[in-house]
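Some notes on the structure that comes next.
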Amino acid sequence: MTQHAPLSRRLAALLLTATAFGAMTPGLARAETIRVAVGTQDTTINCATGGLLIRELKLLEKFLPRDGRYKDATYDIQWRNFTSGAPLTNEMVAGKLDLGAMADFPGSLNGYAFAKAGRRSLFISVLSGSVRGSGNGIVVPKESPVQSLAELKGKTISVPFASTAHGLLLRAVKAQGWEPGRDVTIITQAPEVAGAALLANKIDAHADFVPFAELFPWRGFARKIYDGAQADAPTFHGALADGDYADKYPEIVTAYLRASLEADRLIAAEPEKYSELIERVTGIEAEVAYLFHGPLGLQTRDLTWKPEYRQAVKTSFETLKLLKKADSDIDLDRFVDDRFIRAATAEAGLDYEARLKAYAPLPLAANDSTTGQPITDPSRVAQLWIRGEDKVRHYASPEAAFAVLAEQESQGREARAIYAQDRGSGIKLFANQAWYVRDAQGRLSAFLLKGDAQAHAAAKGGDVIDFDAARGGHARLSAR
């Protein structure tokens, strides 16, 4: 090129030469903009440590890699919120999302949808779950006479189709020896539609996933008559990644799980504070969030791939085939991939194998708020969240909590929420939704189901009473 060549041509040639030189020179690379697009389910509050809390606390930014091949990278972090797993899966398969959080049943559908598209997704971690199945549940209108699933024969039950609650309902119906369409009618209803139907008494019962089987009773227009723990079938919420994305950016997938571990640590340390945050973002009351995320919570936050959760994925695939939503199997060992959570746990200085073997819920390490003595029996724990107080109070028994509640009310204060533990299953309950057995010494044991309370009373002795009778008796005692 001569010196008389136009300036624009000379600049273009120099740019081309510099680009070629950079491509041939080891260690010299252009800065890359890397998308990190995450699909969340904010109102499915057991996904909080895989979405909402990471986003709101900017934890992903804290852990994204900044060295090595990522030294000059720019991150384009995108968040998309969904009300269920199916539309989130659609966006992942379409290449619009790289990571997502959902339950076992829609997560399995995610894996199948990717396979049908000639691609693959990976189930990279659990977020929260119950090896017994608690979290999903069935509710009836508040004034319904129904007290158990067995009383729903011949009735109509609604459920969000292709959800984890759908899988629970089918298993529960099968356990009764019923045939859908013959012994019970199952229709599809989204939670927001079902809530209105329950309020108007237009549906016999509704099955749903976290948190609606607790949220609807909390809001006063439904009663929970079946908890997933009765099915004794594991269920969980977890995180998935686009397989190609995970292959290309394994460090980013690991960083996402580091952020999830940090979110888990934070909410374990201050469950009231972060339950309030969940309410501000979602409108799901903090009292409901605490039921799940507080100590002895309804589900256990757990990022490890326990055998029971692997089985839950397998069961979900079998259910999908039963529903004719899938016509082939998937390689479970390839789909459930623990490489990234193991790496994230190691980076965080945690012992994955120890966590893998641990099955206890988030423990309650507390003293009785009245006596100051350590609480040692979780089966009779009761808790009070007094309006205006930042922390939940803990008590060794329901009768102790009810006595304090009466004193607080006499001073013009009220409880935001009262919690009790089911004496049989150990699941956390809203105390005002529970049945109680009062023994000869006045000690109370709480139960979700009236039938369970009656069976306990028959075996151990005592009277079966409702919440008003249980707290009323101890209100009189406290006034003496």
Side-chain angles (χ1 to χ4, degrees), residues 32 34-38 40 46-55 57-71 73 75 77 98-102 104 107 111 120-129 131 234 236-270 274 293 299-313 331-363:
E32 182 182 7
I34 303 173
R35 186 187 75 179
V36 189
V38 187
T40 72
N46 272 8
C47 292
T49 55
L52 183 155
L53 292 176
I54 296 176
R55 182 188 66 233
L57 302 176
K58 297 190 181 303
L59 298 177
L60 187 55
E61 290 88 334
K62 178 179 177 180
F63 292 105
L64 284 171
R66 307 285 179 183
D67 56 4
R69 61 178 289 207
Y70 301 100
K71 180 176 180 294
Y75 291 108
I77 300 173
D98 310 309
L99 299 153
M102 62 188 74
D104 46 14
R120 64 191 174 94
S121 62
L122 304 174
F123 228 144
I124 57 173
S125 82
V126 177
L127 294 169
S128 182
V131 295
F236 70 93
H237 293 80
L240 295 104
D242 180 307
D244 292 338
Y245 187 88
D247 287 344
K248 188 175 183 180
Y249 301 117
E251 297 87 355
I252 293 176
V253 175
T254 299
Y256 164 73
L257 294 180
R258 281 292 311 279
S260 183
L261 285 166
E262 179 65 4
D264 181 80
R265 185 189 69 80
L266 290 170
I267 198 169
E270 299 182 275
Y274 293 108
H293 290 296
Q299 282 197 340
T300 301
R301 289 190 316 281
D302 182 1
L303 276 71
T304 64
W305 275 112
K306 290 177 168 51
E308 291 86 350
Y309 297 141
R310 290 178 180 268
Q311 177 61 42
V313 177
D331 186 340
L332 185 65
D333 291 333
R334 192 176 182 213
F335 180 47
V336 174
D337 192 334
D338 65 2
R339 291 175 297 156
F340 303 98
I341 185 57
R342 284 181 177 274
T345 305
E347 286 185 13
L350 302 172
D351 187 337
Y352 183 86
E353 291 299 331
R355 288 191 164 208
L356 184 62
K357 296 172 183 175
Y359 282 81
L362 180 68

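FYI, the numbering just counts along the sequence from 1.
Here I341 contributes atom CD1 and L356 contributes atom CG; the two are 11.0 Å apart, rounded to the nearest 0.5 Å. Between atom OG1 of residue T254 and atom CZ of residue F340 there is a gap of 6.0 Å, rounded to the nearest 0.5 Å. The CD1 atom of I77 lies 13.0 Å from the CZ atom of R35; values are rounded to the nearest 0.5 Å. Taking CG of L53 as the reference point, atom OH of Y274 lies at 8.0 Å (rounded to 0.5 Å). Summarising the geometry, atom CG belonging to L257 is positioned 4.5 Å from atom OG belonging to S125; distances are rounded to the nearest 0.5 Å. With values rounded to the nearest 0.5 angstrom, N46 atom CG is found 15.0 Å from M102 atom CE.
With sequence neighbours excluded, the residues that form a side-chain contact (heavy atoms from CB on, under 4.5 Å) with V313 are S108, F123, F236, W305, F317, L332, F335, V336. Scored by the side-chain contact (heavy atoms from CB on, under 4.5 Å) test, A268 finds R301, L362 as partners (sequence neighbours excluded). With sequence neighbours excluded, the residues forming a ring-ring contact (aromatic ring centres under 6.0 Å, His included) with Y249 are Y245, listed by chain and number. Legend: residues meeting salt bridge (Lys or Arg N to Asp or Glu O under 4.0 Å) with R310, ordered by chain and number and at least two apart, are D338. The salt bridge (Lys or Arg N to Asp or Glu O under 4.0 Å) search around K62 returns E262, not counting sequence neighbours. For the side chain to side chain donor-acceptor pair (under 3.5 Å) test, residues two or more places apart in sequence or in another chain that qualify with D302 are T304, K306.
A pairwise comparison of heavy atoms in A344 and R258 identifies O-CD, 3.1 Å as the closest pair. Here the closest heavy-atom approach between residue A259 and residue L59 is recorded as O-CD1, 3.7 Å. Closest of all the heavy-atom pairs between L240 and G107 is CD2-O, 3.8 Å. Closest non-hydrogen pair, R334 versus L122, comes out as O-CD2, 3.6 Å.
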side-chain contact (heavy atoms from CB on, under 4.5 Å) between T40 and I54, worked out: CA-CA 10 Å; T40 72; I54 296 176; over 6 Å; no
For T49 and S128: C-alpha separation, side-chain torsions, deciding distance, then whether side-chain contact (heavy atoms from CB on, under 4.5 Å) applies. CA-CA 9 Å; T49 55; S128 182; 5.8 Å; no
Taking it one step at a time, do E251 and R66 satisfy salt bridge (Lys or Arg N to Asp or Glu O under 4.0 Å)? CA-CA 10 Å; E251 297 87 355; R66 307 285 179 183; over 6 Å; no
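Between L52 and C47 the shortest side-chain heavy-atom distance does not fall below 4.5 Å.
A salt bridge is defined here as a Lys NZ or Arg NE, NH1 or NH2 lying under 4.0 Å from an Asp or Glu carboxylate O, and K71 with E32 fails to meet this definition.
In the displayed structure, R69 atom CZ is contacted under 6.0 Å by more than 12 heavy atoms of other residues, nucleotides or ligands.
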